[in-house]
Amino acid sequence: NAVGVYADRRRRLQVVDPDDRELVMSCGAALYNLRLALSHIGEGLDVSILPNGTDGDLLARVELTGRPTTPNAETENLFAAITNRHTCRRAFDQTPVDQKTVHDLRNAAFAEGAWLFDVPDEQRHKVTWFVTDADFIQMSEPAFRRELSHWMRTSYPVRDDGMPGYALGLSELQSVVGPLMVRTFDVGTSQAAKDDELSRWSALLALIVTSTDEKPDWIAAGQALQRVLLPATAAGLQASFLNQPVEIASMR
């Protein structure tokens, strides 16, 4: 009658995510998918966040109420988008996102206790500076590069996790030698140039924000992120992440 959502600390990234902030956010995104899937099949549910307190690995508990529900059209559209949503790490078309869609994405984040702020064009250079500066900082650290290379995969990997080469825009050969290059050389300049283009020229650059920076906020941010990404996917949009500035404590 219930599902527990746990953090899997075996998969934590000790260098880039030492406090497990992004790990918990990813579990929040999975929690929203679970809620959506149960609503899709007509199950009523109650959600308890951190039912055992902030210590431990249990992040949420989803209990079935036994009260059937009827999914609406929005639920069905978002459920269908779950398996279609993939991170795009290539350059984006610059066609502006229409304001109704932006408004809907703001409402989606707000429904999960977070805010989505779209960055005005005249402010993009400030965000871009933070992103590229963070690229240089992270890529200059051998421990970060080793951790990153550990999660890079060939274009057709045997393992189901990690980042396959095609998702990074790499050829089959590049996906084989890429991890060695990243592990061995400081590639901050090339990464910063790529992220500079993403930040400056994407159709929409947005921040998801919570009021404080505690574990319940991380879960809320993850749920808000997924609740934003799914309607964006349903609207034909793709998304990428420029998390580097919030991964460095002093910049965050």
Side-chain angles (χ1 to χ4, degrees), residues 1-13 17 20-52 54 56-89 100-116 151 153 157 159-164 167 206 208 210 215-241 243:
N1 296 322
V3 179
V5 178
Y6 290 83
D8 184 355
R9 310 290 179 181
R10 296 169 301 176
R11 300 167 62 80
R12 67 190 304 263
L13 303 177
D17 190 26
D20 294 343
R21 292 177 77 255
E22 291 179 312
L23 183 150
V24 171
M25 289 180 195
S26 70
C27 292
L31 171 60
Y32 181 75
N33 280 351
L34 174 61
R35 290 168 48 202
L36 187 60
L38 290 172
S39 296
H40 163 72
I41 62 174
E43 291 284 355
L45 55 99
D46 288 328
V47 180
S48 300
I49 301 297
L50 298 172
N52 294 343
T54 56
D57 295 335
L58 180 61
L59 301 179
R61 180 179 174 86
V62 181
E63 296 192 46
L64 305 185
T65 63
R67 299 187 298 272
T69 62
T70 301
N72 56 31
E74 180 186 17
T75 296
E76 297 302 272
N77 286 337
L78 297 186
F79 177 77
I82 291 176
T83 53
N84 291 330
R85 197 214 71 75
H86 297 280
T87 302
C88 176
R89 295 178 173 86
K100 181 184 182 304
T101 299
V102 176
H103 179 74
D104 291 343
L105 299 183
R106 289 196 197 107
N107 287 341
F110 190 73
E112 298 301 327
W115 294 269
L116 182 140
W151 288 95
R153 305 282 183 259
R159 297 174 63 178
D160 290 332
D161 60 5
M163 298 178 294
I208 289 180
T210 54
K215 190 177 288 186
D217 301 287
W218 305 347
I219 299 173
Q223 295 202 88
L225 173 65
Q226 192 70 355
R227 190 156 180 169
V228 165
L229 292 175
L230 292 180
T233 300
L237 302 176
Q238 290 185 298
S240 187
F241 302 100
N243 294 334

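From a predicted model like this one, the values you see are computed outputs, not experimental measurements.
- Here the straight-line distance linking atom CG of Leu78 with atom CZ of Arg85 works out to 13.0 Å at 0.5 Å rounding.
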(request) Please assess Glu22 against Leu13 for the test side chain to side chain contact (heavy atoms under 4.5 Å, CB included), listing each intermediate value before the final yes or no. (result) CA-CA 9 Å; Glu22 291 179 312; Leu13 303 177; 5.9 Å; no
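- Here OH of Tyr6 is found 9.5 Å from CG of Leu59. Values are rounded to the nearest 0.5 Å.
- The two residues Pro216 and Leu50 make their nearest non-hydrogen contact at CG-CD1, 3.7 Å.
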Between side-chain atoms of residues 222-230 and protein atoms elsewhere (two or more places apart, or another chain), which donor-acceptor pairs fall under 3.5 Å?
{"unit_1": "Gln223", "atom_1": "OE1", "unit_2": "Arg35", "atom_2": "NH1", "d": "2.6"}
{"unit_1": "Gln226", "atom_1": "NE2", "unit_2": "Asn33", "atom_2": "OD1", "d": "2.9"}
{"unit_1": "Arg227", "atom_1": "NH1", "unit_2": "Glu112", "atom_2": "OE2", "d": "2.5"}

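- Leu58 and Pro51 make their closest contact through CD2-CG, 3.5 Å (heavy atoms, listed as atom of the first residue, atom of the second, distance).
- Using a 4.0 Å cut-off between a side-chain N of Lys or Arg and a carboxylate O of Asp or Glu, Asp104 and Lys100 qualify as a salt bridge.
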(message) Could you go through Thr101 and Leu237, starting from their C-alpha distance and side-chain angles, then the distance that decides it, and tell me whether this counts as side chain to side chain contact (heavy atoms under 4.5 Å, CB included)?
(response) CA-CA 10 Å; Thr101 299; Leu237 302 176; 4.1 Å; yes
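- For the atom pair Met25 CE and Asn243 CG, the distance stands at 8.0 Å (nearest 0.5 Å).
- Checked for salt-bridge contact, Lys215 and Asp20 miss the test: no charged N lies under 4.0 Å from a carboxylate O.
- Between Val5 and Cys27 the shortest heavy-atom distance is CG1-O, 4.1 Å.
- Scanning both residues, Leu23 and Arg11, for their nearest heavy atoms gives CD1-C, 4.4 Å.
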(request) Please lay out, stage by stage, how Thr210 and Trp218 fare under the test side chain to side chain contact (heavy atoms under 4.5 Å, CB included). (result) CA-CA 8 Å; Thr210 54; Trp218 305 347; 5.9 Å; no
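- The shortest non-hydrogen separation linking Ala232 to Leu105 is N-CD2, 4.0 Å.
- In the displayed structure, Asn84 atom CG is contacted under 6.0 Å by more than 12 heavy atoms of other residues, nucleotides or ligands.
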(request) Applying side chain to side chain contact (heavy atoms under 4.5 Å, CB included), run through Ile82 and Leu36 and close with a yes or a no. (result) CA-CA 9 Å; Ile82 291 176; Leu36 187 60; 3.9 Å; yes
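- When all heavy atoms of Ala81 and Ala234 are compared, the closest pair comes out as CB-N, 4.3 Å.
- For residues 59-80, the ring pair (Phe, Tyr, Trp, His ring centres under 6.0 Å) pairs, not counting sequence neighbours, are His40-Phe79.
- Going from atom CG of Asp217 over to atom CD1 of Ile49 covers 11.5 Å, rounded to the nearest 0.5 Å.
- At most 12 heavy atoms of other shown residues, nucleotides or ligands fall within 6.0 angstrom of atom CZ in Phe110.
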Anything under 3.5 Å between a donor and an acceptor, one on a side chain of residues 62-73, the other on a protein residue two or more places apart or in another chain? List them.
{"unit_1": "Glu63", "atom_1": "OE2", "unit_2": "Arg61", "atom_2": "NE", "d": "3.4"}
{"unit_1": "Thr65", "atom_1": "OG1", "unit_2": "Gly44", "atom_2": "O", "d": "3.4"}
{"unit_1": "Thr65", "atom_1": "OG1", "unit_2": "Arg67", "atom_2": "N", "d": "3.2"}
{"unit_1": "Asn72", "atom_1": "OD1", "unit_2": "Glu74", "atom_2": "N", "d": "3.2"}
{"unit_1": "Asn72", "atom_1": "OD1", "unit_2": "Thr75", "atom_2": "N", "d": "2.8"}
{"unit_1": "Asn72", "atom_1": "OD1", "unit_2": "Thr75", "atom_2": "OG1", "d": "2.9"}

